[in-house]
Amino acid sequence: MINKLFFTVVSLFILSACNNSGKGSNNGKDTMNKMMSDTSHTMSMNNTTVPDEPAVPEGAKVFFKNLKNGASINSPFKVEMGVDKMKVEAIGPVVAGSGHFHIFIDAEDSLAWGTVVPTDSLHHHYGKGQTETELTLSPGKHKLTLQFADGIHRSYGSKLATTVTVNVKK
Ligand SMILES: [Cu+2]
């Protein structure tokens, strides 16, 4: 009687141990499968739905229409943004020969071609296709960079960037 009970307990223990290890390895497999399908999903997205960034047309350039390098100005002030040989459009599908403006304040002189412009206090996006804005800066010297980028914020690089330094009087 005691022997039989002991045998049953041991059998149950072995069975449950087997079950657990079985479950464990199945979970591992599921996770692996999921990871693999996730990876292939991401890869196919990169390959099929995100187009390469268009090249910068010959002679294209950006410029501040109303700000000269070294200018002394009062804050707040208006900034007019200009571009040659590119169309200004709102964010959206990547279209060759078009994009939107960004102003970097006391940051990089340009971002490398293909780099997504960050969104923070130093990097301002004009994603509705704006060509002018008003900025408020503290008194002193500030560096302003105008950077053009494609419909998904990928920088067109130094060819479509320009930097001026302004002196804010008050
Ligand atoms: Cu942007």
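Every heavy atom of this structure was used, including side-chain atoms; hydrogens, water molecules and symmetry mates were not. One-based numbering, in listed order, for ligands and for the atoms of each.
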Derivation and outcome, side chain to side chain contact (heavy atoms under 4.5 Å, CB included), residues Met86 and Phe148: CA-CA 9 Å; Met86 297 288 279; Phe148 212 61; 3.7 Å; yes
Residue pair Thr133 / His124, side-chain donor-acceptor N/O under 3.5 Å: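 Distance-only check fails for Thr133 and His124.
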His102 and His100 side chains, donor-acceptor separation under 3.5 Å: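 Yes, because at least one side-chain N or O of His100 sits under 3.5 Å from a partner of the opposite role on His102.
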Qualifying residue, where the test is side chain to side chain donor-acceptor pair (under 3.5 Å) with Ser155 and the options are Glu108, Glu53, Gln147: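 Passing option: Gln147.
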Under-2.8 Å protein N/O/S neighbours of the Cu ion (ligand 1), ordered by chain then residue number: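 Those protein N, O or S atoms (cut-off: under 2.8 Å from the Cu ion (ligand 1)) are His100 NE2, His102 NE2, His125 ND1, His153 ND1.
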All N/O donor-acceptor pairs, side-chain side in residues 74-85, below 3.5 Å, sequence neighbours left out:
from, atom 1, to, atom 2, distance (Å)
Ser75, OG, Leu137, N, 2.8
Ser75, OG, Leu137, O, 3.1

Check ion pair Asp109-Lys143 (N to O, under 4.0 angstrom):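 Between Lys143 and Asp109 there is a salt bridge, with a charged N closer than 4.0 Å to a carboxylate O.
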